[in-house]
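Right, one structure below, let's go through it.
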Protein chains: 2
Amino acid sequence: MPARTGRPPKISRADIVTAAHRVIEEDGVASLTMRRLAREVGSTAMALYHHVRDKEELLLLLLDDYATGHARPAEEELPGEPRERVVAVATAMREALAGCPWIVDVLRADDLLSVGGLWYPEKIIDAALAAGLAMEDAVSAYRIIWHYTAGEIGARAAAAGRRAEGGSTYRERVFAELDAGAFPRLAEVGPRWAELTARDTYDRGLRALVAGLLP
Amino acid sequence: MPARTGRPPKISRADIVTAAHRVIEEDGVASLTMRRLAREVGSTAMALYHHVRDKEELLLLLLDDYATGHARPAEEELPGEPRERVVAVATAMREALAGCPWIVDVLRADDLLSVGGLWYPEKIIDAALAAGLAMEDAVSAYRIIWHYTAGEIGARAAAAGRRAEGGSTYRERVFAELDAGAFPRLAEVGPRWAELTARDTYDRGLRALVAGLLP
DNA sequence: ACCTGAACACCGTTCAAGT
DNA sequence: ACCTGAACACCGTTCAAGT
């Protein structure tokens with residue numbers, strides 16, 4: 001083991017990640033700046049660059065930490081029937097993401113979760129294969145479910161954001177200006193739109209997908 | 001008509017919106033800053049604030065302009081059969097959005113497109129009602145389809161973004177570090193992942209949803 | 001009424017210097 | 001090896017002043 005030399009570190013990657021989680025939990029991802037984070041760990045913004053390459057790497061670190069730490073369903077408790085297993089895993093995935101919706105913005109890329117979140121695609125693809133799908137179709141089934149889940153989380157996050165920063169004036173204006181002749185259905189539901197869109201429809205969509213995608 | 005008084009305007013809202021479209025088309029949404037936009041219209045950043053309240057209003061304006069201007073399917077050409085009509089409208093919606101994926105980031109909120117884009121939800125809800133759904137279920141069917149569509153567009157946009165700014169190193173690292181014992185299915189598809197995720201699976205998912213949601 | 005310049009309070013990141 | 005301060009090149013937005 002080589003002798004450790006030089007100045008002993010004041011902060012660690014783990015400190016940074018912990019502080020970043022706290023900032024996000026308290027004030028949202030938008031508040032997570034290098035300067036704010038530095039203040040939180042009792043250091044300077046520039047010191048952070050000794051532990052992470054840039055902000056993107058920090059976010060990836062954060063993501064992975066979250067995925068690894070989040071409780072997932074016990075393998076034995078998953079239903080044996082393939083379709084039900086996909087529903088169970090996807091529901092768990094959505095639940096994990098719902099706790100930190102900013103994740104979807106960070107890693108919407110490439111249809112993949114972080115390294116720590118690979119359990120979900122693994123299990124969904126595995127169940128799809130068990131249901132009799134060829135590998136190609138199993139992967140595409142997973143991607144379709146992922147797109148649906150990411151879209152739902154994104155919409156929820158955006159709606160929550162709007163709600164937090166004052167009334168959703170835009171939607172109200174849309175319905176106020178609505179031409180009832182051109183858009184009779186929307187005019188009809190207009191008054192109930194807020195109530196209806198507050199409902200959780202994830203499961204309904206998920207089951208429709210699973211029924212349509214798995215043989 | 002009251003006499004128009006004061007200095008005649010040098011730039012109009014229309015000029016601003018046109019220039020903004022050009023900037024986005026050329027260099028992406030990230031490049032759309034008030035200063036850049038001002039340069040583009042031959043003015044100063046501050047002059048813009050005389051025509052739009054803030055950047056958010058500008059984006060909404062942009063969104064609406066796009067939705068209004070985009071060609072949508074002729075009413076007569078839509079299939080008569082309700083399920084097929086939903087598929088046709090949703091496909092057109094996705095196609096319209098694919099042309100400007102940044103839209104999804106801007107208005108992912110509230111499950112609604114802009115004022116100019118209301119045609120899509122109107123037609124989808126209408127077809128869902130024609131298929132025999134109650135209003136509540138028709139709205140939730142629309143929302144589910146919207147979430148799926150927004151998620152797909154978002155993933156495509158993110159993937160395109162990564163591709164533009166150099167190789168998708170992250171995904172490669174994920175597969176390189178993959179523990180084949182813990183994730184046998186992913187290890188198996190790993191080499192084909194890029195190829196498989198390049199495929200367009202929107203239609204498959206959409207038809208699964210429609211089949212599962214409409215009676 | 002419309003436009004301008006200077007300024008404010010921020011960003012992420014780099015670089016040379018300290019311990 | 002690790003941390004710091006000053007600086008760079010940006011943001012969106014406000015405000016007082018010009019025409």
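Any value given below was found using the heavy atoms of this structure, including those in side chains, with hydrogens, waters and symmetry copies removed. Residue numbers start from 1 in every chain, and the chains themselves are labelled A, B, ... in the order their sequence lines are given, proteins ahead of strands.
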Closest nucleotide among D:dC3, C:dG12, C:dC2 to the A:Pro9 side chain = D:dC3
When rounded to whole Å, the CD1 to P distance for the pair B:Ile16 and D:dG12 reads 14 Å
What distance, rounded to whole Å, do you find between the two C1' atoms, one in C:dA1 and one in D:dA17?
-> 15 Å
For A:Arg35 and for A:Ser43, locate the closest nucleotide of DNA chain D by heavy-atom distance; then report the residue assigned to the nucleotide nearer the 5' terminus.
-> A:Ser43
In whole angstroms, the gap separating P of D:dA16 from NE2 of B:His50 amounts to 14 Å
Between B:Glu57 (CD) and D:dT13 (P), how many Å, whole number?
-> 11 Å
B:Leu48 has an atom CG; how far is it from atom P of D:dT14, in whole Å?
-> 13 Å
Measure from the side chain of A:Lys55, starting at C-beta and using heavy atoms only, and say which of D:dC2, C:dT13, C:dG5 lies closest.
-> C:dT13
Spatial distance of atom CZ (B:Arg204) from atom CD1 (A:Ile144) [nearest 0.5 Å] | 5.0 Å
Taking the side chain from A:Arg35 and the backbone from A:Ala45, do they hold a donor-acceptor pair closer than 3.5 Å?
-> no
Phosphate-side-chain proximity, B:Lys10 and C:dC3, N/O vs OP1/OP2 below 4.0 Å = no
OP1 or OP2 of C:dC3 less than 4.0 angstrom from a side-chain nitrogen or oxygen of B:His51, does that happen here?
-> yes
Roughly how many Å is it from CG in A:Asp15 to P in D:dC2, rounded to a whole number?
-> 13 Å
Flag if over 12 foreign heavy atoms under 6.0 Å of CD, B:Glu188 | yes
Residue B:Tyr49, side-chain heavy atoms: nucleotide from D:dT14, C:dG5, C:dG12 that is nearest | D:dT14
If only side-chain N and O atoms of B:Thr33 are considered, is one of them under 4.0 Å from the OP1 or OP2 phosphate oxygen of D:dC11?
-> yes
Given that both distances must come in under 3.5 Å, which nucleotide forms a Watson-Crick or G-U wobble pair with C:dA9?
-> none
Whether A:Tyr202 and A:Tyr148 hold their rings parallel, tilted or perpendicular, with breakpoints at 30° and 60° | parallel
Interatomic distance where CE belongs to B:Met34 and C1' belongs to C:dC10 [whole Å] | 16 Å
Quick one: look up who D:dC3 pairs with, Watson-Crick or G-U, both distances under 3.5 Å, and put none if it's unpaired.
-> none
For residues A:Asp15 and A:Ser12, is any side-chain donor paired with an opposing acceptor at under 3.5 Å?
-> yes
The Watson-Crick or G-U wobble partner of D:dA17, with both key distances under 3.5 Å, is none
salt_bridge(B:Arg22, B:Glu25) N-O dist < 4.0 Å | no
Expressed in angstrom and rounded to an integer, what is the separation of A:Asp54 atom CG from C:dT13 atom P?
-> 5 Å
More 5' along DNA chain D: A:Thr44 or B:Arg53, using each one's nearest nucleotide?
-> A:Thr44
Please give, in whole Å, the distance from D:dC10 C1' to B:Arg39 CZ?
-> 12 Å
Return the nearest nucleotide to the side chain of B:Met46; candidates are C:dA7, D:dC3, D:dA6.
-> C:dA7
